[in-house]
Enquirer: 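Here it is, the structure in full.
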Amino acid sequence: MSDAAEIDPLDQQIYQEFELLAWRLELLTGDQGLTDMVRSSLSQAAKRFTAQLRSDDDETVADAVLDLVTNLYPGDTPIPDDWWATPLGRATAASTGHPTAEAVTYSVAGAMLGIDAEAVHLLTRTSQLDGHPDGGVTSVSVQQYLQAHPRP
């Protein structure tokens, strides 16, 4: 067994997302001292958000998801399909579902669930996911499936 501390993939992803924000700030301001202070604060915030996302309190988790997603993808910035397969994407899907879409494609649902589009189609045919009249599956059914079948 290794003496190195295990890296939490969720914490690591949030930290990396925040590091990108700090890097952009440094590019805009040219002030490394300011950016170093921001990085330190963001590092602590990443740990706090990770703890909130792992909370047993649904409201705490939903609030953390809302804060993170609306700041990482502000306004009309689209969430990349492959993001849903990340630790933060899965936490978001399980907690609140897709923040802006009533329905998602089979491929996005697959990324959210960690399966392929064909498996999503099978889950829809067996009524484990709800198809949407305009195509794909409902975001709510993906969220409900994730809550009923939590992933490690």
Side-chain angles (χ1 to χ4, degrees), residues 4-117 119-120 123 128-130 132 134-152:
E6 257 188 67
I7 297 173
D8 181 334
L10 181 60
D11 184 48
Q12 182 179 21
Q13 181 185 356
I14 295 169
Y15 176 80
Q16 289 172 342
E17 298 274 7
F18 286 179
E19 178 60 27
L20 181 58
L21 296 174
W23 178 74
R24 289 177 181 158
L25 178 64
E26 186 172 347
L27 284 177
L28 290 171
T29 65
D31 187 340
Q32 187 166 359
L34 170 66
T35 308
D36 287 345
M37 288 188 305
V38 169
R39 277 189 174 99
S40 177
S41 180
L42 289 174
S43 177
Q44 295 305 311
K47 291 178 186 347
R48 186 181 73 248
F49 275 111
T50 299
Q52 290 171 344
L53 290 169
R54 300 230 187 271
S55 171
D56 291 332
D57 180 54
D58 292 343
E59 188 174 332
T60 298
V61 175
D63 287 347
V65 163
L66 183 63
D67 288 344
L68 285 166
V69 173
T70 58
N71 283 288
L72 295 174
Y73 299 99
D76 292 335
T77 305
I79 297 173
D81 289 355
D82 61 349
W83 180 82
W84 293 102
T86 68
L88 183 54
R90 286 193 205 106
T92 299
S95 169
T96 60
H98 195 293
T100 60
E102 184 178 318
V104 294
T105 65
Y106 283 10
S107 63
V108 170
M112 294 167 100
L113 295 168
I115 58 178
D116 62 23
V120 172
L123 289 173
Q128 294 179 66
L129 292 175
D130 298 330
H132 191 273
D134 295 333
V137 297
T138 65
S139 297
V140 169
S141 70
V142 174
Q143 176 190 6
Q144 291 169 341
Y145 187 88
L146 283 167
Q147 290 171 349
H149 304 90
R151 295 182 62 186

Enquirer: Please list, chain by chain and in numerical order, all residues satisfying side-chain contact (heavy atoms from CB on, under 4.5 Å) with S139, sequence neighbours excluded.
Expert: H98, A101, V104

Enquirer: Using a 3.5 Å distance criterion without hydrogens, assess whether the side chain of T70 forms a donor-acceptor pair with backbone atoms of L66.
Expert: yes

Enquirer: Partners of E26 by side-chain contact (heavy atoms from CB on, under 4.5 Å), sequence neighbours excluded?
Expert: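 Only Q32, T35, R39 meet the side-chain contact (heavy atoms from CB on, under 4.5 Å) criterion with E26.
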
Enquirer: For the OH atom of Y145 and the CG atom of L123, what is their distance to the nearest 0.5 Å?
Expert: 4.5 Å

Enquirer: Could you list the residues that satisfy side-chain contact (heavy atoms from CB on, under 4.5 Å) with S55, not counting sequence neighbours?
Expert: D57, T60, V61

Enquirer: Measuring only between side-chain heavy atoms, which start at C-beta, is H132 closer than 4.5 Å to T138?
Expert: yes

Enquirer: Side chains of T77 and P74: closer than 4.5 Å at any heavy-atom pair?
Expert: yes

Enquirer: Using a 4.5 Å cut-off on heavy atoms from C-beta on, say whether the side chain of F18 contacts that of S43.
Expert: no

Enquirer: How close do D81 and A111 get, counting heavy atoms only, and between which atoms?
Expert: O-CB, 3.7 Å

Enquirer: Scan residues 50-79 for pairs that pass ring pair (Phe, Tyr, Trp, His ring centres under 6.0 Å), counting only residues two or more places apart or in two chains.
Expert: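 As it turns out, the ring pair (Phe, Tyr, Trp, His ring centres under 6.0 Å) pairs with a partner in residues 50-79, which skip direct neighbours, are Y73-W83.
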
Enquirer: How long is the span from the CG atom in L72 to the CG atom in L88, to the nearest 0.5 Å?
Expert: 6.5 Å

Enquirer: Over all heavy atoms of both residues, which pair between A94 and Q143 is shortest? Give the atoms and the distance, please.
Expert: O-CG, 3.6 Å

Enquirer: For residues A85 and R90, report the shortest heavy-atom separation together with the two atoms involved.
Expert: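 A85 and R90 have their closest heavy atoms at O-NH2, 2.6 Å.
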
Enquirer: I'd like to check I14 versus L53 (side-chain heavy atoms, cut-off strictly below 4.5 Å). Are they in contact?
Expert: yes

Enquirer: Please check if atom CD in Q147 has more than 12 non-hydrogen atoms from other residues, nucleotides or ligands closer than 6.0 Å.
Expert: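 Yes.
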
Enquirer: Closest approach of W84 and A93, non-hydrogen atoms and distance?
Expert: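 In this case the closest contact between W84 and A93 is CZ3-N, 3.9 Å.
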
Enquirer: What is the distance from atom CD of Q52 to atom OG of S95, rounded to the nearest 0.5 Å?
Expert: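 Q52 CD to S95 OG: 11.5 Å, rounded to 0.5 Å.
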
Enquirer: Go through the structure and list residues passing side chain to side chain donor-acceptor pair (under 3.5 Å) with T105, not counting sequence neighbours.
Expert: S107

Enquirer: Within the 4.5 Å heavy-atom criterion, are L42 and E19 side-chain neighbours or not?
Expert: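 They are not in side-chain contact.
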
Enquirer: Using the salt bridge (charged side-chain N to carboxylate O under 4.0 Å, His left out) criterion, which residues pair with R24? Sequence neighbours excluded.
Expert: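 Residues passing salt bridge (charged side-chain N to carboxylate O under 4.0 Å, His left out) with R24: none at all.
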
Enquirer: Is the shortest heavy-atom distance from the side chain of V137 to the side chain of D130 under 4.5 Å?
Expert: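 No, side chains not in contact.
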
Enquirer: For the backbone of D36 and the side chain of S40, can you confirm whether one donor and one acceptor N or O come within less than 3.5 Å of each other?
Expert: no

Enquirer: How many angstroms lie between atom CG of L25 and atom CG of D31, to the nearest 0.5 angstrom?
Expert: 8.0 Å

Enquirer: Where do S141 and L129 come nearest, in terms of heavy atoms and distance?
Expert: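 That closest heavy-atom pairing would be O-CD2, 3.5 Å.
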
Enquirer: What pair of heavy atoms forms the shortest contact from P9 to P87, and how long is it?
Expert: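 Residues P9 and P87, closest heavy atoms: CB-CG, 3.7 Å.
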
Enquirer: Calculate, to the nearest 0.5 Å, the distance between atoms CG and CG belonging to L68 and D63 respectively.
Expert: 11.0 Å

Enquirer: Rounded to the nearest 0.5 Å, how far does CZ of R54 lie from CG of D11?
Expert: 8.5 Å

